[in-house]
Each structure stands twice: as C-alpha cells, then as structure tokens.
Amino acid sequence: MRVTDPAPGRGPDGLKVHPGKDWFTVLSGTVVLLLGERTILVETGQAAEFSTMIPHAFGAHDGPAEILGIFDHDGRRTHLRVTKP
C-alpha cells in the first residue's frame with residue numbers, strides 16, 4: 001500500500017477502533033502510527049503489530065511511504081479505500 005496522506009490526528013474523526021489485529025512493515029519512507037496516546041514513527045525496515053481495539057490511525061511522515069500490511073477482514077474494510085480517478 002502506498003501511504004501519501006498524513007495521519008488524521010486525534011480528533012473525533014481521527015482514531016478508530018475495530019475488532020482484530022493489524023501488522024505492517026515499512027518498505028520505504030516513514031509512517032507515523034497514532035496508537036492510543038502514543039505517536040510512533042515506523043521507519044523503513046521496521047514493523048508494527050497492534051490490537052485494533054486500541055484507538056489508532058496511521059499516515060505518511062515527511063513524504064510518501066510504502067507498506068506491506070496484513071489486515072483481517074475488518075481491517076481491510078477500514079483501511080483500504082478505492083480511489084476514483
């Protein structure tokens with residue numbers, strides 16, 4: 001997945017929860033992971049795994065990033081959006 005938007009922030013429309021677990025590794029760039037009250041920078045070659053019942057969001061940090069992620073059914077529906085040209 002190519003991540004180009006910054007993380008949405010911690011406002012009412014920012015962090016989400018859903019059943020399951022997420023795992024991703026960063027192939028290039030840096031991803032900012034908002035996980036509860038924590039802000040974690042996940043850099044190229046690093047990975048993150050967390051329960052999706054913890055309020056969370058992620059986005060690009062200082063430019064685009066590419067990640068390889070494993071999401072369960074709920075996570076796939078939440079994180080992957082079809083973009084229209």
Colleague: Can you give me the closest heavy-atom contact between T4 and P64, atom names plus distance?
Modeller: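 Minimum heavy-atom contact is CG2-CB, 4.1 Å.
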Colleague: Check whether W23 and L41 end up in the same hydrophobic cluster, where Ile, Leu, Val, Met, Phe, Trp and Tyr are linked by side-chain heavy atoms less than 4.5 Å apart.
Modeller: no
Colleague: Measuring from atom CG of L33 to atom NE2 of H61, what distance do you get when rounded to the nearest 0.5 angstrom?
Modeller: 13.0 Å
Colleague: Drop me the distance from T25's OG1 to E66's CD, to the nearest 0.5 angstrom.
Modeller: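 The OG1 atom of T25 sits 12.0 Å away from the CD atom of E66.
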Colleague: Any side-chain heavy-atom pair from F50 and D22 closer than 4.5 angstrom?
Modeller: yes
Colleague: Is the closest side-chain heavy-atom distance between E49 and K21 below 4.5 Å?
Modeller: yes
Colleague: Is it true that V26 and L68 fall in one hydrophobic cluster, defined by side-chain heavy atoms closer than 4.5 Å?
Modeller: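 Unlinked, V26 and L68 end up in two clusters.
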Colleague: Is the backbone N or O of E43 less than 3.5 Å from a side-chain atom of T30, with the two atoms forming a donor-acceptor pair by type?
Modeller: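 Checked: no pair found.
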Colleague: Look only at the side chain of T52 and the backbone of H18, and say whether a donor-acceptor pair between them is shorter than 3.5 Å.
Modeller: yes
Colleague: Minimum heavy-atom separation for A57 to G14, with atom names?
Modeller: CB-O, 4.1 Å
Colleague: Could you check if a side-chain atom of F58 sits within less than 4.5 angstrom of a side-chain atom of L35, using non-hydrogen atoms only?
Modeller: no
Colleague: Applying a strict under-4.5 Å side-chain criterion to I, L, V, M, F, W and Y, I'd like to know whether V3 and L27 cluster together.
Modeller: no
Colleague: Tell me, do I67 and V31 make a side-chain contact under 4.5 Å, heavy atoms counted?
Modeller: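 Answer yes - side chains close enough.
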Colleague: Shortest non-hydrogen contact from V42 to A48?
Modeller: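 The pair with the smallest heavy-atom distance is CG2-CB, 4.3 Å.
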Colleague: Please examine the side chains of I54 and R38, heavy atoms only from C-beta on, and report whether any two atoms are closer than 4.5 Å.
Modeller: no
Colleague: Check whether any side-chain heavy atom of H56 sits under 4.5 Å from a side-chain heavy atom of L15, and report yes or no.
Modeller: no
Colleague: For residues R10 and T39, is any side-chain donor paired with an opposing acceptor at under 3.5 Å?
Modeller: yes
Colleague: Answer yes or no: is there a side-chain heavy-atom contact under 4.5 Å between K16 and P55?
Modeller: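 Not touching, per the 4.5 Å side-chain cut-off.
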